[in-house]
*Asks:* 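Could you have a look at this structure, given as structure tokens, before my questions?
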Amino acid sequence: MDFFPAFLNLVDRPVLLVGAGTVAARKLAALRKAGALVTIVAPAVSAPVAKIADEAGLCVHRRPFRPSDVAGHWLVVSATADEAVNRAVAAAASDARIFCNVVDDLENCSYIVPAIVDRSPLLVAISSAGTAPVLARQLRARIETWLPSNIGMLAALAGRWRERVRAQLASFSARRRFWEGLFDGRLQRVFDRSGVNGAEQLIAESLRGDLRTQPGRAWLVGAGPGDPGLLTLKALQAMQAADVILHDRLVANEVLDLARRDAELVSVGKTPGCTANSQDEINELLVRLVAAGKRVCRLKGGDPFVFGRGGEEAQALHSAGLEYEVVPGITAAVGCAAAAGIPLTHRDAAQSLTLLTGHGKDAVDNIDWASLAPGRQTLAIYMGVSRFNELMQNLTRHGRPAETPIAIIEKGTTPEQRVLRGTLGQLPLLARAHRIKAPAMLLIGEVTRLGYATLAAPAPVRALEATRSATESAINAAIV
Ligand SMILES: C[S@@+](CC[C@H](N)C(=O)[O-])C[C@H]1O[C@@H](n2cnc3c(N)ncnc32)[C@H](O)[C@@H]1O
């Protein structure tokens, strides 16, 4: 972070403004809006500056700047067209350890002024640390259109209730939950419909209700396959509302970074081959937290109901009579196929899609291979890395040709994504040659031949070791 963001209380505090042209007039108006006691130093004073100064009874020195002028001020603003004067102001302020902004001169600034969206008392400040002011202004324009014009009044109303809510709801988390419940759109709707009185009534009723019950709740949330851009809006809302986030190992750090700052993050992940929380332990923890009144986001890779054991967690919550909501996510097959440009179905190549797991003692033994052998169907195989050989043998034995095209997508949708293409017969060798590791998605079927270029090109594939065999070299040529 190049600059520390802060909002300054300038009410009745002396601030020095050097310069009195049109730019200085804008700065003066903003400083006055914040209640600053501005002193102006400039040899010539423009009419707009003179008008504001007259109306507010400000002190104006009609002479050149002197370094001693900075003394006794909390803040300095230099808005002259003379670079030498601006530099002298910055130097004098720096010597006196007073923060100084020189308009349009980042080098001489010890603080900068953000682009703002003003819905006082609500204020949104945007800064690009001086690198891209146009981008900051564009963002401001977007936020301007997105933020309701009366949201400031809503914030002021909440401010009036703050003490009463604090007096009745002792814990910080209860208060946060109370306000989150109102600011999720409900208060705005009532305010738009019935004005301040309606909104006050809603706050009072909610406070009475909140004192009676404060139930916990859970969200079983799909975080998608890795790319944080694939999160749904609902997933983000649940992550922002939760006190605790119980997350799987596969959930990317970039996704976890989007959680509320003070939320407790608990990894309950299972690493293949390592001991970690059993599913029963996870169910128990989930139920215990929600029963204790916590808002828990159970964050899972992909979709919670696709090989995610979300069904078992939903069952546990349901049996305990606890409230929960399922927020679907983009499952790995869908996310990986899109990232590799492979359509999972296509009128010319596949009319059905089967999602299978290669994991578990019985998983591969219990598959009805004969039904998966005929062509014109796509198979998406999860958790299959350690069983590629068995998968290939079973499918070919039941009639799926060894020439059937396949694609392996490792760490799909992430910056480390690798996409390998080959045939079913080559599958175990291909995976071994390229040291494919979980998480990887195996797609089998004619559609994998159709891979279209995507905007995000996969990262380059690691070079193979020098000892590879001739067959492996041939397979290497099939990499995209
Ligand atoms: C326990 S399953 C969870 C599936 C998840 N619930 C879903 O809907 O995608 C884990 C398997 O999903 C697949 N997977 C998850 N994320 C992946 C990714 N980014 N790239 C490739 N495969 C992925 C892998 O096959 C991995 O072994």
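Just so you know, ligand 1 is whichever comes first in the structure, and atom 1 is the first atom listed for that ligand. Atom set for the values below is all heavy atoms of this structure, side chains included, hydrogens, waters and symmetry mates excluded.
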*Asks:* Using side chain to side chain donor-acceptor pair (under 3.5 Å), reason through Ser278 and Asp280 one step at a time and then give a plain yes or no.
*Replies:* CA-CA 5 Å; Ser278 71; Asp280 284 345; 5.2 Å; no

*Asks:* Under 3.5 Å between any N/O of Thr331 and any N/O of ligand 1: does that happen in this structure?
*Replies:*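 N/O-N/O distance under 3.5 Å: yes.
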
*Asks:* Identify the protein heavy atom lying closest to atom 12 (O) of ligand 1, giving its residue, its atom name and the separation to 0.1 Å.
*Replies:*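 It is Tyr382 CD2, 3.4 Å.
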
*Asks:* Side chain to side chain donor-acceptor pair (under 3.5 Å), that's the test. Do Gln201 and Asn197 meet it? Break it down for me.
*Replies:* CA-CA 6 Å; Gln201 200 178 329; Asn197 289 345; over 6 Å; no

*Asks:* Among Gly384, Pro328, Ala340, Ala332, whose heavy atom sits nearest atom 15 (C) of ligand 1?
*Replies:*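 Ranked by closest heavy atom to atom 15 (C) of ligand 1, first place is Ala332.
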
*Asks:* Would you mind running through ligand 1 and noting each atom that sits below 4.0 Å from a heavy atom of Gly302?
*Replies:*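 Answer, ordered by atom number: 5 (C), 7 (C), 8 (O), 9 (O).
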
*Asks:* Answer yes or no: is there a side-chain heavy-atom contact under 4.5 Å between Thr413 and Pro225?
*Replies:*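 Touching, per the 4.5 Å side-chain cut-off.
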
*Asks:* Once rounded to the nearest 0.5 Å, what's the spacing between atom CZ of Arg295 and atom CD of Gln240?
*Replies:*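 It comes to 12.0 Å.
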
*Asks:* Can you tell me how far apart CG (Leu157) and CD1 (Ile151) are? Round to the nearest 0.5 Å.
*Replies:*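 The CG atom of Leu157 sits 12.0 Å away from the CD1 atom of Ile151.
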
*Asks:* Of all the non-hydrogen atoms in the protein, which one sits nearest to atom 3 (C) of ligand 1, and at what distance?
*Replies:*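 For atom 3 (C) of ligand 1, the nearest protein heavy atom is Phe307 O, 3.4 Å.
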
*Asks:* Which value, rounded to the nearest 0.5 Å, describes the distance between Arg421 atom CZ and Ile406 atom CD1?
*Replies:*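 Result: 10.0 Å between the selected atoms.
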
*Asks:* How does Lys411 reach ligand 1, by side chain, by backbone, by both or by neither, if only non-hydrogen atoms under 4.0 Å count?
*Replies:*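 Looking at Lys411 and ligand 1, just backbone atoms fall under 4.0 Å.
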
*Asks:* What's the shortest distance from atom 19 (N) of ligand 1 to any protein heavy atom, and which residue and atom give it?
*Replies:*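 For this ligand atom, the closest protein heavy atom is Pro225 O, 2.8 Å.
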
*Asks:* Evaluate Ile330 for polar contact with ligand 1, using N/O atom pairs at a separation under 3.5 Å.
*Replies:*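 Between Ile330 and ligand 1 (N or O atoms, distance only) the closest approach is not under 3.5 Å.
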
*Asks:* Could you tell me whether the side chain of Arg260 and the main chain of Ala238 form a donor-acceptor pair under 3.5 Å?
*Replies:*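 It does not hold such a pair.
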
*Asks:* Starting at CG of Leu442, measure out to CD1 of Ile381 and round the result to the nearest 0.5 Å.
*Replies:*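 It comes to 4.5 Å.
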
*Asks:* Out of curiosity, Thr357 OG1 to Met383 CE, how far, rounded to the nearest 0.5 Å?
*Replies:*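 Output value for this atom pair is 3.5 Å.
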
*Asks:* Tell me whether Pro304 has any N or O atom under 3.5 angstrom from an N or O of ligand 1.
*Replies:*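 The answer is no, given that Pro304 and ligand 1 share no N or O pair closer than 3.5 Å.
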
*Asks:* Nearest protein heavy-atom contact for atom 24 (C) of ligand 1: which residue, which atom, what distance?
*Replies:*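 Ranked first by proximity to atom 24 (C) of ligand 1 is Ala440 O, 3.4 Å.
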
*Asks:* Starting from atom 18 (C) of ligand 1, what is the nearest protein heavy atom, named by residue and atom, and what distance separates them?
*Replies:*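 Here the closest protein heavy atom is Gly412 N, 3.5 Å.
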
*Asks:* When you measure from atom 17 (C) of ligand 1 to every protein heavy atom, which one gives the shortest distance, and what is it?
*Replies:*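 For this ligand atom, the closest protein heavy atom is Pro439 CB, 3.7 Å.
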
*Asks:* Just distances here: any N/O of Met383 and N/O of ligand 1 closer than 3.5 Å?
*Replies:*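 By distance alone, the answer is yes.
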
*Asks:* Answer with yes or no whether Cys336 contacts ligand 1, where contact means a heavy atom under 4.0 Å from a ligand atom.
*Replies:*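 Yes, that is the case, since the closest heavy atom of the residue is under 4.0 Å from the ligand.
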
*Asks:* Give the table of side-chain donor-acceptor pairs shorter than 3.5 Å for residues 106-114, with sequence neighbours excluded, one pair per line with atom names and distance.
*Replies:*
residue : atom : partner : partner atom : Å
Asn108  : ND2  : Asp105  : OD2          : 2.7
Ser110  : OG   : Cys100  : N            : 2.7
Ser110  : OG   : Cys100  : O            : 3.3

*Asks:* Taking distance alone, with N or O pairs closer than 3.5 Å, would you say Ala438 contacts ligand 1?
*Replies:*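 No, Ala438 has no N/O under 3.5 Å of an N/O on ligand 1.
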
*Asks:* Is it the case that Arg217 places NZ or CZ above or below the six-membered ring of Trp219, under 6.0 angstrom from the centre and within 45 degrees of the axis?
*Replies:*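 Pair Arg217/Trp219 counts as cation-pi.
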
*Asks:* With a 4.0 Å cut-off on heavy atoms, is Ile409 touching ligand 1?
*Replies:*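 Right, Ile409 reaches ligand 1.
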
*Asks:* Would you compute the distance between atom SG of Cys297 and atom CE of Met239 and round it to the nearest 0.5 angstrom?
*Replies:*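 Answer rounded to 0.5 Å: 6.0 Å.
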
*Asks:* Could you tell me whether Asp303 and ligand 1 have an N or O pair separated by under 3.5 Å?
*Replies:*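 Among all N and O atoms of Asp303, at least one is under 3.5 Å from an N or O of ligand 1.
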
*Asks:* For atom 4 (C) of ligand 1, what is the nearest protein heavy atom, given as residue, atom name and distance?
*Replies:*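 The closest one turns out to be Val306 O, 3.6 Å.
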
*Asks:* Would you mind checking which non-hydrogen protein atom is closest to atom 5 (C) of ligand 1, with the distance to 0.1 Å?
*Replies:*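 I find the closest protein heavy atom is Gly301 O, 3.2 Å.
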
